[in-house]
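Here is the structure we will look at.
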Amino acid sequence: MRVLRVGNASGFYGDRFDAMREMLTGGPLDVLTGDYLAELTMLILGRDRLKNPDAGYARTFLRQLEECLGLAHERGVKVVANAGGLNPAGLADAVRALADRLGIPVRVAHVEGDDLTAAHPGTLAAHAYLGGFGIAECLRAGADVVVTGRVTDAALVTGPAAAHFGWQPTEHDRLAGAVVAGHVLECGAQATGGNYAFFRDGDVRRPGFPLAEVHADGSCVITKHDGTGGFVDVGTVTAQLLYETGGARYAGPDVTARLDTVRLTQDGPHRVRIDGVRGEAPPPTLKVGLNRLGGFRNEVAFVLTGLDVEAKAALVRAQMEPALGEVADVRWDLVRTDRPDAGTEETASALLRLVVRDPDPEKAGRALSGAAVELALSSYPGFHVLAPPGKGAPYGVFEAAHVPQDAVDHVAVLHDGRRVPVTPAKDTAVLEAVPEPPPPPPLPPGPTRRAPLGLVAGARSGDKGGDANVGVWARTDEAWRWLAHELTADRLRELIPEARDLPVTRHALPGLRALNFVVEGILGEGVAAQARFDPQAKALGEWLRARHVDIPEVLL
């Protein structure tokens with residue numbers, strides 16, 4: 001069967017609005033996907049649903065379709081998106097109403113069964129991560145648009161590929177190849193030079209969105225439409241493969257993909273071939289994302305200018321402490337952005353950031369705002385704040401749980417209203433860690449130079465609940481021989497002091513010349529709790545690259 005061309009037009013709820021039009025008009029496609037969901041997004045949609053039971057889906061998707069549904073229909077492009085969020089049936093109805101209003105004859109289907117909120121009292125949203133076979137059922141029955149709730153990001157590719165090539169649930173290698181393709185596509189422009197460690201290798205002012213040419217054997221080529229910005233090379237694809245993953249086994253509801261079998265080959269300008277991917281039976285359980293309201297949060301940033309920064313910080317802390325005595329959680333961070341003999345007031349200033357969290361909105365609000373404002377004329381010299389503190393805002397907490405695959409009623413609701421149950425995976429295997437592969441031979445001894453790690457290694461980092469993942473890769477075989485021995489879990493703890501007392505697991509992926517680290521608990525209760533300056537660990541990898549280490553001179 002011919003190659004299936006799958007493009008992506010959204011990596012998150014809020015991504016570039018005109019990407020859908022760009023992808024539909026920029027070149028040939030068979031399927032256009034959109035990923036709108038993340039852990040934080042589910043919390044946001046849950047709060048929307050509290051205000052309006054008919055809400056709970058990504059409204060941006062509807063506005064994009066208003067402009068582009070006719071284009072997709074004219075070009076015969078199927079649209080598959082997880083924009084249904086907490087209410088896929090509601091979004092499907094809204095798409096049908098839009099199509100009727102525009103006079104476009106499209107068949108709309110949806111996938112449901114992921115919502116487990118009722119089974120988890122106290123949560124705002126509890127959703128299982130479903131696989132791609134519900135999407136496949138909808139497409140096989142003739143749907144033009146398929147919207148889902150919480151499916152895995154990769155399911156947006158495994159579903160269309162399974163439908164197109166007729167794959168069965170036991171064809172693990174083919175499905176694993178599609179999972180890898182889906183993981184590369186899911187974050188949009190991150191595969192085409194966006195957020196890339198070596199961004200100066202190309203023009204990334206407006207990177208295009210990626211597409212995958214998927215073959216019947218599960219292999220694919222990652223590329224982009226001709227004439228779009230950004231670039232696609234082995235490095236950009238490697239970076240995205242390491243994003244928010246962990247060990248060699250990348251588990252999902254359809255298949256467990258072996259990331260240690262991935263082969264990447266530059267296949268021409270802006271073309272990277274992915275093949276060799278092996279798959280194994282999926283685990284017997286499904287991941288469930290639990291979102292609940294954790295309490296209320298407030299913050300204020302005191303500006304400390306000029307001399308005696310440490311003493312000024314100590315003074316304002318002492319003045320604030322009586323008002324904060326009953327607050328459940330108080331965090332102070334002094335950020336030394338100041339410089340000596342600075343040429344501007346801003347570069348002469350440091351920031352003292354105070355964050356409070358409490359179940360009581362009054363304590364998180366008045367305890368901070370009143371006490372901080374009252375110091376305006378009675379604290380350190382030059383007292384001012386970046387913005388006056390306001391009322392405490394609600395924050396969320398994310399947790400992951402697991403349920404048996406057969407505990408979820410995965411259903412494909414076809415365009416004609418028929419409801420088709422999706423059989424859970426029968427061939428499953430309990431997930432186990434892959435033994436650490438032997439390291440490459442070390443470089444011969446030689447002179448070293450103190451320099452930033454990022455001169456010889458790239459990195460990309462992200463969040464999974466309260467944990468952070470940091471993927472680090474070398475650009476040459478020689479750099480890999482050094483990196484594999486230099487960057488141990490203990491060395492990472494030294495370079496990232498926040499991780500010093502936390503569990504850190506290192507996973508080696510020699511085929512990618514990469515190390516993937518999981519730092520447990522560094523993000524507290526997850527992004528919605530905002531317990532850290534960088535709550536999603538987006539820049540943790542760049543901080544690591546900026547740390548100075550002793551690098552062999554032959555690599556510099």
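Just so it is clear, the model here is predicted, and its values are computed rather than measured. Atom set for the values below is all heavy atoms of this structure, side chains included, hydrogens, waters and symmetry mates excluded. The residues of the chain are indexed from 1 along the displayed sequence.
- Taking both residues in full, the closest heavy atoms of Thr117 and Ala126 are given as OG1-N, 3.1 Å, listed atom of the first, atom of the second, then distance.
- Using a 4.5 Å heavy-atom cutoff, the side chains of Val303 and Ser349 are in contact.
- Side-chain contact check for Ile551 versus Val549: some heavy-atom pair is nearer than 4.5 Å.
- Across every non-hydrogen atom of Asn195 and Arg460, the tightest pair is O-NH2, 3.0 Å.
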Quiz prompt | Pair Arg336-Glu310, salt bridge (charged side-chain N to carboxylate O under 4.0 Å, His left out): steps then yes or no | solution = CA-CA 10 Å; Arg336 296 302 300 265; Glu310 299 281 351; 3.0 Å; yes

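- With Tyr395 contributing its side chain and Gly294 its backbone, the two residues share a donor-acceptor pair below 3.5 Å.
- At least one donor-acceptor pair closer than 3.5 Å links the side chain of Asp358 to the backbone N or O of Ala328.
- Using a 4.5 Å heavy-atom cutoff, the side chains of Leu43 and Phe398 are not in contact.
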Quiz item: Should Val519 and Ile496 be marked as a side chain to side chain contact (heavy atoms under 4.5 Å, CB included) after you check the CA-CA gap, both sets of side-chain angles, and the distance that decides it?
Solution: CA-CA 10 Å; Val519 185; Ile496 305 294; over 6 Å; no

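- We find the CG-CD distance between Leu487 and Glu494 to be 10.0 Å, quoted to the nearest 0.5 Å.
- Atom CG of Leu185 sits about 12.5 Å away from atom CD of Gln190, to the nearest 0.5 Å.
- Heavy-atom neighbours of Arg491 CZ from other residues, nucleotides or ligands within 6.0 Å: above the threshold of 12.
- Within the 4.5 Å cutoff, side-chain heavy atoms of Val355 are placed close to those of Arg353.
- In terms of modelled atom types and a separation under 3.5 Å, the side chain of Asn516 and the main chain of Gly246 share a donor-acceptor contact.
- At a threshold of 4.0 Å, the pair Glu520-Lys464 does not count as salt-bridged, since none of the basic side-chain nitrogens sits closer than that to a carboxylate oxygen.
- For the pair Ser461 (side chain) and Lys538 (backbone), a donor-acceptor distance under 3.5 Å is present.
- Asn52 CG: more than 12 foreign heavy atoms inside a 6.0 Å radius.
- Panel note: side chain Asp308, backbone Ala311; no donor-acceptor pair is recorded below 3.5 Å.
- In this structure, Arg150 fails the cation-pi test against Tyr36, since its NZ or CZ atom is not both closer than 6.0 Å to the six-membered ring centre and inside 45 degrees of the ring normal.
- When only modelled atom types and interatomic distance are considered, Asn469 and Glu244 share no side-chain donor-acceptor pair under 3.5 Å.
- In summary, the side chains of Asp35 and Asn82 do present a donor paired with an acceptor at a separation below 3.5 Å, with no hydrogens or angles considered.
- Residue-environment remark: CD (Glu436) exceeds the threshold of 12 foreign heavy atoms within 6.0 Å.
- The backbone N or O of His183 sits less than 3.5 Å from a side-chain atom of Gln240, completing a donor-acceptor pair.
- Using the six-membered ring where Trp is involved, Tyr380 and Phe383 have ring planes that are tilted, between 30° and 60° apart.
- Of the inter-residue distances, the one linking Asp114 atom CG with Thr152 atom OG1 reads 11.5 Å to the nearest 0.5 angstrom.
- No donor-acceptor distance shorter than 3.5 angstrom exists from the side chain of Asp329 to the backbone of Val356, with no hydrogens or angles considered.
- Looking at Lys287, its side chain never comes within 3.5 Å of a backbone N or O of Gly252 through a donor-acceptor pair.
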Quiz item: How far apart are the C-alpha atoms of Leu351 and Leu386, what are their side-chain angles, what is the distance that settles it, and do they pass the side chain to side chain contact (heavy atoms under 4.5 Å, CB included) test?
Solution: CA-CA 9 Å; Leu351 297 178; Leu386 286 184; 4.1 Å; yes

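- Ion pairing between Arg249 and Glu432 fails under the 4.0 Å rule for side-chain N and carboxylate O.
- Between the His110 side chain and the Val146 main chain, no donor and acceptor come within less than 3.5 Å of each other.
- Within the 4.5 Å cutoff, the side chain of Val316 has heavy atoms near those of the Leu352 side chain.
- Few gaps surround CG on Asp338; more than 12 heavy atoms of other groups in view lie less than 6.0 Å from it.
- Here Arg292 pairs with Glu399 in a salt bridge; the nearest charged N to carboxylate O distance falls below 4.0 Å.
- Salt bridge absent: Arg547 and Glu542 never bring a charged side-chain N and a carboxylate O closer than 4.0 Å.
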Quiz item: Run the side chain to side chain contact (heavy atoms under 4.5 Å, CB included) check on Phe61 and Leu91 step by step: do they pass?
Solution: CA-CA 9 Å; Phe61 175 72; Leu91 178 57; 3.9 Å; yes

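- In this structure, the side chains of Gln405 and Pro284 stay at 4.5 Å or more apart for every pair of heavy atoms.
- Of the inter-residue distances, the one linking Leu286 atom CG with His127 atom NE2 reads 14.0 Å to the nearest 0.5 angstrom.
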Practice problem: Show your reasoning for whether side chain to side chain contact (heavy atoms under 4.5 Å, CB included) applies to Val397 and Asn291. | Solution: CA-CA 6 Å; Val397 172; Asn291 285 278; over 6 Å; no

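- Annotation for Val309 and Gly306: closest pair CG2-O, 3.4 Å, computed over non-hydrogen atoms.
- Using a distance-only test at 3.5 Å, with no hydrogens or angles considered, a donor-acceptor pair links the side chain of Asn298 to the main chain of Gly390.
- Classification of Arg59 and Asp54 as a salt-bridged pair fails, no side-chain N sitting under 4.0 Å from a carboxylate O.
- A salt bridge links Arg331 with Asp333; the closest basic N to acidic carboxylate O contact falls under 4.0 Å.
- With rounding to the nearest 0.5 angstrom, the OG1 atom of Thr344 is 6.0 Å from the CD atom of Glu346.
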Practice problem: Please lay out, stage by stage, how Arg357 and Glu299 fare under the test salt bridge (charged side-chain N to carboxylate O under 4.0 Å, His left out). | Solution: CA-CA 9 Å; Arg357 297 190 299 171; Glu299 72 173 89; over 6 Å; no

Practice problem: Please report the C-alpha distance between Asp490 and Arg493 in whole Å, then the side-chain angles of each, then the deciding distance to 0.1 Å, and finally whether the salt bridge (charged side-chain N to carboxylate O under 4.0 Å, His left out) criterion is met. | Solution: CA-CA 5 Å; Asp490 286 340; Arg493 289 190 187 94; 2.7 Å; yes

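- Using a 4.5 Å cut-off on side-chain heavy atoms (C-beta onward), Leu116 and Val403 make contact.
- Taking every heavy atom of both residues into account, Tyr57 and Gly84 meet most closely at CB-O, 3.5 Å.
- Salt-bridge check for Asp18 with Arg16: passed, with a basic side-chain N closer than 4.0 Å to an acidic carboxylate O.
- In plain terms, the two heavy atoms of Gly132 and Asp254 that are nearest each other are N-OD2, 2.7 Å.
- The residues Arg49 and Asp115 are annotated as salt-bridged, a charged nitrogen and a carboxylate oxygen being separated by less than 4.0 angstrom.
- Here the CG-NZ distance, from Asp48 to Lys51, works out to 6.0 Å after rounding to the nearest 0.5 Å.
- The closest side-chain heavy-atom distance from Val111 to Val411 is not below 4.5 Å.
- Among all heavy-atom pairs drawn from Leu32 and Ala9, the shortest one is CD1-CB, 3.9 Å.
- Under the 4.0 Å criterion applied to side-chain N and carboxylate O atoms, Arg500 and Glu498 are not assigned as salt-bridge partners.
- In the displayed structure, Arg450 atom CZ is contacted under 6.0 Å by more than 12 heavy atoms of other residues, nucleotides or ligands.
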